[in-house]
Engineer: 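I have a structure here, written as structure tokens, and I will follow up with some questions on it.
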Protein chains: 2
Amino acid sequence: MTRLVRPGGSPPTPRSVDVARLAGVSQKTVSRVLNDEPYVSADLRRRVLDAAEELGYRRNQAARALASGRTRSIGVVTLGSALYGPASWLMGIERAVRKMGYTLRVATTIEGDPGGIASALASLLDQGVDGVVISEPIDEGVGIISVDVPVLVLGAPPTFTAPQVVTARVGAGRLARAATEHLLELGHATVHHLAGPQRWYSARDRLAGWREALRAHGADEPPVVEGDWSAASGYAAGRELAGDGTVTAVFAANDDMAIGLIRAQLEAGRRMPEDISVVGFDDIPVAAYVTPPLTTLRQPFDAVARQGLALLVQVIEKPGVELPPAADPPVELVVRASTAPPPPRPIPEQGRRATPHPHGGPHGQPAGSEVPSTRP
Amino acid sequence: MTRLVRPGGSPPTPRSVDVARLAGVSQKTVSRVLNDEPYVSADLRRRVLDAAEELGYRRNQAARALASGRTRSIGVVTLGSALYGPASWLMGIERAVRKMGYTLRVATTIEGDPGGIASALASLLDQGVDGVVISEPIDEGVGIISVDVPVLVLGAPPTFTAPQVVTARVGAGRLARAATEHLLELGHATVHHLAGPQRWYSARDRLAGWREALRAHGADEPPVVEGDWSAASGYAAGRELAGDGTVTAVFAANDDMAIGLIRAQLEAGRRMPEDISVVGFDDIPVAAYVTPPLTTLRQPFDAVARQGLALLVQVIEKPGVELPPAADPPVELVVRASTAPPPPRPIPEQGRRATPHPHGGPHGQPAGSEVPSTRP
DNA sequence: ATGAAAGCGCTAACAT
DNA sequence: ATGTTAGCGCTTTCAT
């Protein structure tokens, strides 16, 4: 079938029997060697490998899958957009999948397509994947989906019925809490939240983390504004909030919305961060270079993907074994110039700490000067 | 193997024989129906489909692949980063692949890993893909790679030996020319170019398009500054160019670099766009909301992917058929507030058209007010 | 228009 | 430790 062609035409692709013949062993021995099974002498192993090398032999995966009932592939259901978060997850998953010796199949969904996850899943199951990863899941309201292979859900509740459902916690809640606390500790009386669409579990997590932090600090909980992840929705929210003079700090559920919000504030004549502080979420590539450079949170995409896939593969290969709870990766808050203490003027009833902006003006802290501070 | 489980336990997954038995036909007839082969009476077809439905039957792809020698899957080699361009290509490819009735397998490469493309390709070929897409190729200097399935290369020269190599032109060159012409037509004496890394074919295309436009207009060709796509590299370039008072217009090979460059200029005290105009490339989600809103170019990711995949699938399924040349999709220049006529002061020897900035100040044209103008 | 038989290239039991 | 024998579940010939 499909393999690298050797120079000088295309002789018929070799089979394992050909390798066996050349090595002077049985076909089964070839299979043993190639699968790293025990009970093969070093000598035969060498001869088989040499013969395989010489012929340019590669195993036929279709035949392997048919005979063994396993495809050694993992499917991922992901949103079909180039949004930074979903795309980063996908890349992290690919690396992790490959590291575990599996290959990756992808099926995308479209935002707003009801049943999209179910049909993407069906497509992957048709292809015979050994396990499935649901990245950035959305609550479609379609109830429980049944799948007969193990499922890894990145940061969401188990709405799947499967041999095993494992979850890798993204820690979005902890990150959101850290962001909110950062602002509270700067002296803001409270922090507004520009949330992501609440059909997304990750958006819910962030909102929950924000709420927890406010409660823990005894701060008022202002009404939540909900966006759709886009900078446009952040801009709209920014115009809305610009009318409210009491707003001094906003935690946006992603950087795009934060940037839209900042733009609206600047147009409304607000100074950033002297009048309003903003924290984003994701640390998109341009976050350090917008004006003002954005304080934001980094998600540990690769670490979580690796962790989750290790679990998934373990469940696939050794069903029934008890799983150790995965350790949460550290929270990374990247402090840049978009956050500062609140303005001294509108001290309503809480005026502790009023030192003016230690972070420099809106043009402070450009390239490379971000301070990745890890908070527990 | 892997399929949706019906409620109430897991009875053995049905085979095509089971369907045949239930429908009262031969197994071959089931196969005929499911493959849309001719010579099946409407009656039998109905009975087979009903039986399949009733049993929840799904074909075993491994068996199909083994028997037919085709996997009905297409592999894509892509850069393992969440950069907007590569991620957008990947999503476009996934949609196109699915639309053609194939499934997608992904193998990523790491920037700077020599031989990365070759090994990613080998992995896909091992998996038995029927065709391969190389997205955003990089010149690895590893010479010609031989592959025995058809290859689609998105916007690059044929450095592959394959049964067939098809190329879908991305049109980056035309886009770059349009960007450069836009600036020249605003009255700038010449346009500087902040290029992408020249190992990337797409970066070369953009540079070539820029150069063509300058030549066509008889403009001087200033030295090229090369970045690495990152905002940091754009910032560095911006500091460099900030020392040169003659620079009035820059075409950056992507938006991230443009944003970094703008930041450096602002820090140097330049006003945008009064002193310097900048055009980016990609129209990333935040492009309309940075300060100033970025004039940029949109690549027709989906259209090109669809077009290219149609070719690839045609080559896979009907080798030897002559291919019609694909029509170039239209160029989309999104004009926002980062471009304006040059400042009147440093008129060196060319002073035609000196109308000052009609686009409004740096805060003009925010949300939604972009003007997608299609230029031929 | 339909069916029977023969593999596809491997892995899995079962010898030895 | 190594080899032999059966399938895995389809798609292909080739009959009918």
Side-chain angles (χ1 to χ4, degrees), chain A residues 1-3 11-49 51-52 55-73 101 125-128 130 317, chain B residues 1-3 11-49 51-52 55-73 103 125-128 130 317:
Chain A
M1 300 172 65
T2 53
R3 35 203 70 181
T13 32
R15 314 298 175 205
S16 61
V17 218
D18 302 324
V19 177
R21 198 171 312 136
L22 182 59
V25 298
S26 78
Q27 185 268 342
K28 173 67 223 185
T29 299
V30 173
S31 173
R32 282 207 177 91
V33 171
L34 265 32
N35 288 322
D36 271 324
E37 285 171 31
Y39 307 127
V40 192
S41 68
D43 172 49
L44 284 197
R45 165 161 276 120
R46 236 324 3 109
R47 269 159 58 196
V48 167
L49 291 176
L55 294 177
Y57 170 72
R58 320 188 87 145
R59 281 179 291 189
N60 179 317
Q61 300 299 334
R64 292 187 77 195
L66 179 57
S68 69
R70 295 183 40 206
T71 59
R72 288 147 185 97
S73 71
L125 295 174
D126 268 359
Q127 297 173 50
D130 293 341
E317 296 179 349
Chain B
M1 299 171 62
T2 52
R3 39 202 70 180
T13 33
R15 312 299 174 205
S16 61
V17 221
D18 303 322
V19 177
R21 200 171 309 134
L22 182 59
V25 299
S26 77
Q27 185 268 340
K28 172 67 224 188
T29 298
V30 174
S31 172
R32 280 209 178 91
V33 171
L34 266 33
N35 288 321
D36 270 325
E37 286 171 29
Y39 305 128
V40 192
S41 68
D43 171 49
L44 285 196
R45 162 162 279 122
R46 245 299 30 97
R47 272 159 56 197
V48 167
L49 290 176
L55 294 176
Y57 171 71
R58 319 188 88 143
R59 282 179 289 190
N60 180 316
Q61 300 299 335
R64 293 188 77 194
L66 179 57
S68 69
R70 295 184 38 206
T71 59
R72 287 146 185 99
S73 71
T103 61
L125 296 174
D126 269 358
Q127 297 173 51
D130 293 341
E317 297 180 349

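Proteins get letters first, then strands, A, B, ... in listed order; numbering begins at 1 in each. Any value given below was found using the heavy atoms of this structure, including those in side chains, with hydrogens, waters and symmetry copies removed. Since the model is a prediction, treat every value here as computed from it, not as a measurement.
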Engineer: Checking contacts here: which listed nucleotide (D:dT2, D:dC8, D:dG3) is nearest the side-chain heavy atoms of A:Tyr39?
Structural biologist: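 From the listed options, D:dT2 comes nearest.
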Engineer: Is it true that B:Asp18 and B:Arg21 have a side-chain N and a carboxylate O under 4.0 angstrom from each other?
Structural biologist: yes
Engineer: Look at the side-chain N and O atoms of B:Arg64 and state whether any lies under 4.0 Å from the OP1 or OP2 oxygen of D:dT11.
Structural biologist: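 Yes, such a contact exists.
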Engineer: Taking side-chain hydrogen bond (donor to acceptor under 3.5 Å, both in side chains) as the test, write out the residues that go with A:Glu317, two or more places apart.
Structural biologist: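 Result, side-chain hydrogen bond (donor to acceptor under 3.5 Å, both in side chains) vs A:Glu317: A:Tyr102.
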Engineer: Only counting residues at least two apart or in another chain, list the ones meeting side-chain contact (heavy atoms from CB on, under 4.5 Å) with B:Ala67.
Structural biologist: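 Per chain and number, B:Ala67 pairs via side-chain contact (heavy atoms from CB on, under 4.5 Å) with no residue.
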Engineer: Could you give the CD-to-C1' distance, from A:Gln61 to C:dG9, as a whole number of Å?
Structural biologist: 11 Å
Engineer: Sequence neighbours left out, what passes salt bridge (charged side-chain N to carboxylate O under 4.0 Å, His left out) with B:Asp36? Give chain and number order.
Structural biologist: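 Testing B:Asp36 for salt bridge (charged side-chain N to carboxylate O under 4.0 Å, His left out), a comparison that skips the adjacent residues, returns none.
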Engineer: Using five base pairs at each end, measure the axis-to-axis angle across the helix from C:dA1-D:dT16 to C:dT16-D:dA1 and round it to 10 degrees.
Structural biologist: 30°
Engineer: CZ of A:Arg70 versus P of D:dC8: gap in Å, rounded?
Structural biologist: 19 Å
Engineer: Would you mind telling me which residue lines up with the more 5' stretch of DNA chain C, B:Gly24 or A:Arg72, judged by nearest nucleotide?
Structural biologist: B:Gly24
Engineer: According to side-chain hydrogen bond (donor to acceptor under 3.5 Å, both in side chains), who are the partners of B:Ser73, at least two apart in sequence or on a separate chain?
Structural biologist: B:Thr71, B:Arg105
Engineer: Please give, in whole Å, the distance from D:dC8 C1' to B:Asp18 CG?
Structural biologist: 14 Å
Engineer: In this structure, how many angstroms lie between the P atom of D:dG9 and the CG atom of B:Leu55, rounded?
Structural biologist: 15 Å
Engineer: Provide, to the nearest angstrom, the distance between the CZ atom belonging to A:Arg59 and the P atom belonging to C:dT11.
Structural biologist: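 Distance, rounded to whole Å: 6 Å.
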Engineer: Got a sec, which residues hit side-chain contact (heavy atoms from CB on, under 4.5 Å) with B:Leu22, two or more places apart in sequence or on another chain?
Structural biologist: B:Ala51, B:Glu54, B:Leu55
Engineer: If I take atom CG in residue B:Leu66 and atom C1' in nucleotide C:dA6, what distance separates them, rounded to the nearest angstrom?
Structural biologist: 13 Å
Engineer: Contact between A:Val33 and A:Leu49 at the side-chain level, heavy atoms closer than 4.5 Å - yes or no?
Structural biologist: yes
Engineer: Strictly distance-based, threshold 3.5 Å: is any side-chain N or O of A:Arg59 a donor or acceptor partner for the main-chain N or O of A:Leu34?
Structural biologist: yes
Engineer: Of all of residues 29-36 of chain B, which get a heavy atom below 4.0 angstrom from DNA chain D, listed by number?
Structural biologist: B:Ser31, B:Asn35
Engineer: Send over the distance from B:Arg46 CZ to C:dT2 C1', rounded to a whole Å.
Structural biologist: 19 Å
Engineer: Would you say A:Ser26 places a side-chain N or O within less than 4.0 Å of OP1 or OP2 belonging to D:dT2?
Structural biologist: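 No, because none of the side-chain N or O atoms of A:Ser26 sits under 4.0 Å from OP1 or OP2 of D:dT2.
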Engineer: With sequence neighbours excluded, tell me which residues meet side-chain hydrogen bond (donor to acceptor under 3.5 Å, both in side chains) with A:Arg72.
Structural biologist: A:Ser68
Engineer: Touch check for B:Val17, heavy atoms < 4.0 angstrom, all strands: base, sugar-phosphate only, or nothing?
Structural biologist: nothing
Engineer: Reading DNA chain C from 5' onward, which residue's closest nucleotide shows up sooner: B:Gln27 or B:Ala67?
Structural biologist: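 Nearest-nucleotide comparison on DNA chain C picks B:Gln27.
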Engineer: Applying salt bridge (charged side-chain N to carboxylate O under 4.0 Å, His left out), can you list everything that pairs with A:Arg47, at least two apart in sequence or on another chain?
Structural biologist: A:Asp43
Engineer: Mind calculating the distance between CG (B:Asn60) and P (D:dG7) to the nearest angstrom?
Structural biologist: 18 Å
Engineer: Between D:dG9, D:dG3, D:dT13, spot the one nearest the side chain of B:Lys28, thanks.
Structural biologist: D:dT13
Engineer: Nearest to the side chain of B:Ala63 - D:dT4, D:dC10, C:dC8?
Structural biologist: D:dC10
Engineer: From the set D:dG9, C:dA12, C:dA1, return the single nucleotide nearest to any side-chain atom of B:Ser41.
Structural biologist: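 Nearest nucleotide to the side chain: C:dA1.
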